[in-house]
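Written out below as structure tokens is the structure these notes cover.
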Protein chains: 2
Amino acid sequence: MLYSFEGVIVVAGAREDLMAAGLAVFDRDGFEGATVAAIRARARASNGSFFHFFGSKKKLAGALFLEVLQRYHAAVLAAIDTPCGAREGIDRLIRAHLDWVVNNRREARYLFEISRSEWSEEVRDAQRAQNSRLGEGVERWRAPLIVSGELLPMTPVLFFSQIIGPAQIFCRAWLSGRDRSDPRLQADILIACAIRALVAPQSVADTGGTP
Amino acid sequence: MLYSFEGVIVVAGAREDLMAAGLAVFDRDGFEGATVAAIRARARASNGSFFHFFGSKKKLAGALFLEVLQRYHAAVLAAIDTPCGAREGIDRLIRAHLDWVVNNRREARYLFEISRSEWSEEVRDAQRAQNSRLGEGVERWRAPLIVSGELLPMTPVLFFSQIIGPAQIFCRAWLSGRDRSDPRLQADILIACAIRALVAPQSVADTGGTP
DNA sequence: CAATACTCTAGAGTAATACTCTAGAGCAAC
DNA sequence: GTTGCTCTAGAGTATTACTCTAGAGTATTG
């Protein structure tokens with residue numbers, strides 16, 4: 001079913017309702033606690049509909065995972081779609097990650113906490129494809145900066161691990177409720193550490209680091 | 001039941017058998033796929049025994065989580081129990097983490113992949129207590145190095161996020177099977193990045209970095 | 001229009017499984 | 001011997017993921 005809402009084309013229908021309901025129920029009850037009945041009820045869909053669109057609870061979870069992953073990647077890529085230097089890009093990437101997690105808590109909780117890695121091959125392949133597309137996007141921004149000597153040379157995964165890894169420690173603590181303080185409060189210091197780890201020394205001196 | 005095996009006192013019995021069986025079955029089938037029947041069968045314990053010791057499947061999982069967490073923390077703390085400088089300590093901490101994950105794949109998979117944060121308050125409190133004990137241990141090593149100016153001053157959690165965060169990206173990819181290559185291959189470069197992020201600049205020059 | 005095929009809805013029924021309950025064996029204390 | 005406690009045993013129950021059959025709605029084709 002297609003209709004427009006406030007000028008934007010919106011896709012709705014039982015399938016989309018079920019996925020939205022799934023996200024909500026997974027967030028409230030966790031993966032184990034979430035029952036198909038609860039998801040069906042929230043989406044006002046019959047049992048037949050549920051198993052027509054998704055063959056199982058796990059397949060719904062897999063479809064949801066890929067959709068949320070896509071939205072997350074889009075948010076990260078959007079941070080560096082306009083050209084910028086090494087420090088500026090690192091700043092934007094880390095802030096994009098923190099912002100997305102805080103502004104999309106439900107989705108982030110699902111992506112990083114609730115969803116398990118017991119996906120089917122199909123889902124895993126799609127995940128790999130998504131990951132490499134994200135990698136390519138980041139590389140388009142990063143490669144020239146390695147050539148110009150602003151960024152230290154390293155593998156794409158290692159670079160990403162330095163950007164996202166430390167931030168994720170705070171995000172996971174916040175998402176699980178273990179820590180109440182907004183992870184964005186750590187943005188400045190996380191960025192400073194990442195710049196020291198990733199930006200070439202002379203470049204640090206050039207642009208003038210914090211005194 | 002207590003008996004000694006090769007000179008070491010070993011505790012065994014239905015409770016321990018069930019926990020070991022739980023770890024094995026969770027590793028093989030994931031949390032969802034693991035059935036109480038499978039765990040019981042592997043431990044050769046009756047249904048009554050299972051629910052006598054652990055009131056539910058989740059409580060077994062919680063007990064297992066705390067036990068594995070304790071072993072992991074012990075391994076990390078052991079890395080810095082003998083005095084050492086900033087660079088040496090960072091090196092040891094990162095290697096200890098990577099080594100533990102690779103040498104205890106089952107436990108690591110359980111800790112970082114399978115077990116989720118849907119624990120009871122009791123388990124979460126115990127987790128917090130464990131975490132702060134780890135934090136204290138790390139601080140005993142770190143505090144003097146901040147005073148002496150070798151390490152940059154920052155909060156304990158931020159420091160830990162820089163040590164563990166990037167390494168975890170590789171460990172999770174390896175644990176999930178997404179990436180086959182041994183995460184320990186990244187040790188040197190992860191350590192180099194962490195040193196740039198955490199060690200005071202003059203100290204970097206002093207000790208002579210890799211050319 | 002009629003016939004057909006296809007998508008989706010509906011809900012009763014089934015099999016699996018986490019958990020409960022009652023009974024009792026083994027053992028220690030007194 | 002009796003009592004009390006810990007642990008074992010397994011039959012029974014309630015929940016829940018999933019299957020199956022039937023049919024309504026809708027597009028397609030002759």
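Per chain, numbering begins at 1; letters A, B, ... match sequence-line order.
- Distance, B/F54 CZ to C/dA18 P: 15 Å, rounded to whole Å.
- Note on B/H52: every side-chain N or O is 4.0 Å or more away from OP1 and OP2 of D/dT8.
- Between the NZ atom of B/K57 and the P atom of C/dA16 there is a distance of 16 Å, rounded to whole Å.
- The CD atom of B/E32 sits 12 Å away from the P atom of C/dT17 (whole-angstrom rounding).
- Taking the centre and axis of the six-membered ring of B/F31, the NZ or CZ atom of B/K57 falls inside the cone set by 45° and 6.0 Å.
- Within the 4.0 angstrom heavy-atom criterion, only backbone atoms of the sugar-phosphate kind lie near A/A34; the bases stay farther away.
- As rounded to whole Å, 13 Å separates atom C1' of C/dT20 from atom NZ of B/K59.
- Remark: the backbone N or O of B/D27 is paired with a side-chain donor or acceptor of B/R109 at under 3.5 angstrom.
- One atom, CG of B/D29, and another, P of C/dA16, lie 16 Å apart when rounded to the nearest Å.
- Between A/S46 and C/dT9 there is no side-chain N or O to OP1 or OP2 distance below 4.0 Å.
- Listed nucleotides D/dT8, C/dA10, D/dT19 differ in distance to A/F51; the shortest reach to its side chain belongs to D/dT19.
- Between the side chain of A/N47 and the base of D/dT19, at least one donor-acceptor pair of N or O atoms lies under 3.5 Å.
- Which of C/dA18, C/dT9, D/dA17 sits closest to the side chain of A/F53 comes down to C/dT9.
- Contact check on A/E139 versus A/R142 returns a salt bridge, with a Lys/Arg side-chain nitrogen under 4.0 Å from an Asp/Glu carboxylate oxygen.
- As rounded to whole Å, 10 Å separates atom P of D/dA17 from atom CZ of A/F26.
- Heavy-atom distances to DNA chain D give each of B/R44 and A/F50 a nearest nucleotide, and the one nearer the 5′ end belongs to B/R44.
- Between the P atom of D/dA9 and the CG atom of B/L18 lies a distance of 11 Å, rounded to the nearest Å.
- Using a 4.5 Å cut-off on side-chain heavy atoms (C-beta onward), B/D91 and B/I195 make no contact.
- Look at NZ on A/K58: it is 14 Å from C1' on D/dC18, rounded to the nearest Å.
- Among A/W100, A/F65, A/Y110, the one residue that satisfies the ring-ring contact (aromatic ring centres under 6.0 Å, His included) test with A/Y72 is A/W100.
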